[in-house]
Amino acid sequence: MSESIQLEYTVPGNDFTRAGEASADLKSTLKRLGLPAAEVRRIAIALYEGEINLAIHAGGGQIRVTVDDHQVEMILTDQGPGIPDIPKAMEEGYSTASAQVRSLGFGAGMGLPNMKRYTDEFDIQSTVGVGTTITMRVKIG
Amino acid sequence: MNTGDLPARCGFRVLVPGEDRPIRGIFTGDLLSWAMGRAKEGDAWFTVMGNVNTVAVASLADCACIVLCHGAVLDSVAGQRAAENGVLVFATHLPEFEASLALAKAMGL
């Protein structure tokens, strides 16, 4: 593709039936664009974890995806409570999810680690009381 | 081994039918992010979680199918979403370990 493609999604807060719509849509869009299946899978998984986090922790948020010849960039922003201790939040198994969320199978404390694991670049900026921005990039080819 | 062989070879019931797919491996567990992080493409996923999020994870992670164990129920929203997304769902009364073992034996693992 000669020009980059921009996609935007809004994730509602606390709606676990709808969380996943953005990643499902992105997955089918990237497949249609002919991106390699392995990269599409990594991107879909990373974005789904991000969507779930937005729904669980932030009361919802925004996702902006930019697709070009070399990479897929996903920027997730929210105006949620922020993350007081980012290194702690990045530890596998650390979770602040509620019992209700855990009963759905979430809250294993693997969301952020999975996002980092499945992307080539992962950055998280957060201010308590202001919100969080996560930037993820997956290289293509 | 294909998903279409599961009823005859392992005794699993079809809850949501779909396209016949090769099964490449097995993932067993109920925590969704663990499945997201560790299940491989083409795995049959053994779990007791029958909600819409399980279907989303199976679809995004390209699992071959979901096998609901211990007679766990697939809720109606999840069933509908699975049909829409082409996610095959099977059911068994076997516990997760025994169901996984039945497939592993059938696959010669």
Side-chain angles (χ1 to χ4, degrees), chain A residues 11 14-31 36-53 55-57 74 89-97 100-119, chain B residues 16 18-19 21-22 24-25 27-70 72-89 96:
Chain A
V11 179
N14 301 305
D15 185 343
F16 304 108
T17 312
R18 286 195 54 201
E21 285 182 0
S23 31
D25 181 81
L26 181 62
K27 185 180 183 184
S28 59
T29 302
L30 296 179
K31 270 184 166 172
E39 272 72 38
V40 171
R41 182 175 186 270
R42 288 164 60 208
I43 291 162
I45 288 174
L47 188 62
Y48 182 68
E49 294 284 12
E51 273 192 88
I52 293 299
N53 276 350
I56 291 175
H57 298 290
M74 297 169 274
M90 291 302 300
E91 283 178 13
E92 291 194 355
Y94 177 77
S95 176
T96 57
Q100 183 244 337
V101 164
R102 286 168 197 259
S103 74
L104 293 171
F106 297 117
M110 294 298 288
L112 291 172
N114 276 348
M115 291 159 77
K116 188 175 164 73
R117 172 204 293 259
Y118 276 107
T119 53
Chain B
V16 179
E19 186 189 341
R21 283 190 59 171
R24 299 210 173 98
F27 180 84
T28 304
D30 301 316
L31 294 175
L32 300 179
S33 278
W34 279 94
M36 282 294 252
R38 310 290 165 129
K40 295 179 292 301
E41 183 184 349
D43 276 358
W45 177 15
F46 291 82
T47 181
V48 294
M49 301 298 288
N51 63 44
V52 69
N53 306 299
T54 314
V55 174
V57 169
S59 172
L60 294 168
D62 280 330
C63 291
C65 63
I66 296 167
V67 182
L68 279 178
C69 303
H70 283 289
V73 175
L74 183 71
D75 71 41
S76 59
V77 178
Q80 192 183 334
R81 191 72 61 87
E84 286 166 7
N85 292 339
V87 175
L88 282 80
V89 186
E96 285 169 287

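Note on naming: letters A, B, ... go to the chains in the order of the sequence lines (proteins, then strands), and numbering restarts at 1 for each one. Please read these numbers as outputs of a predicted model, since none were measured by experiment.
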Contacts of Ala44(A) that satisfy side-chain contact (heavy atoms from CB on, under 4.5 Å) - sequence neighbours left out: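 For Ala44(A) the side-chain contact (heavy atoms from CB on, under 4.5 Å) partners, ignoring immediate neighbours, are Lys27(A), Leu60(B).
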Qualifying residues under side-chain contact (heavy atoms from CB on, under 4.5 Å), relative to Glu21(A), sequence neighbours excluded: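 Once residues adjacent in sequence are excluded, the partners of Glu21(A) under the side-chain contact (heavy atoms from CB on, under 4.5 Å) criterion are Arg18(A).
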Candidate pair Leu32(B) and Met110(A), rule side-chain contact (heavy atoms from CB on, under 4.5 Å), full reasoning: CA-CA 9 Å; Leu32(B) 300 179; Met110(A) 294 298 288; over 6 Å; no
Chain A contacts, top residue of Val55(B), Asn85(B), Thr54(B), Asn51(B) (heavy-atom pairs, under 4.5 Å): Asn51(B)
Interface residue of largest heavy-atom contact number with chain A, from Thr47(B), Leu31(B), Val77(B), under 4.5 Å: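 When all of Thr47(B), Leu31(B), Val77(B) are compared, Leu31(B) has the most.
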Asn114(A) side chain to Met36(B) backbone, donor-acceptor under 3.5 Å: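 Flag not set: sc Asn114(A) to bb Met36(B) has no pair under 3.5 Å.
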Winner by heavy-atom pair count (cut-off under 4.5 Å) against chain B, out of Leu104(A), Ile43(A), Ile52(A), Val40(A): Leu104(A)
Under 4.5 Å from a heavy atom of chain B, the part of Ser95(A) involved: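 Neither the backbone nor the side chain of Ser95(A) comes within 4.5 Å of chain B.
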Heavy-atom proximity to chain B below 4.5 Å, by part of Phe16(A): both
Nearest heavy atoms of Ser33(B) and Gly111(A), plus distance in Å: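 What the structure gives for the nearest pair is OG-N, 4.0 Å.
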Closest contact, heavy atoms only, Gly37(B) versus Tyr118(A): O-OH, 2.9 Å
Test: Glu92(A) and Arg38(B) ion pair at under 4.0 Å: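 The answer is yes: the pair qualifies as a salt bridge.
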Region of Asn53(B) that comes under 4.5 Å of a non-hydrogen atom in chain A: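 Contact with chain A involves both backbone and side-chain atoms of Asn53(B).
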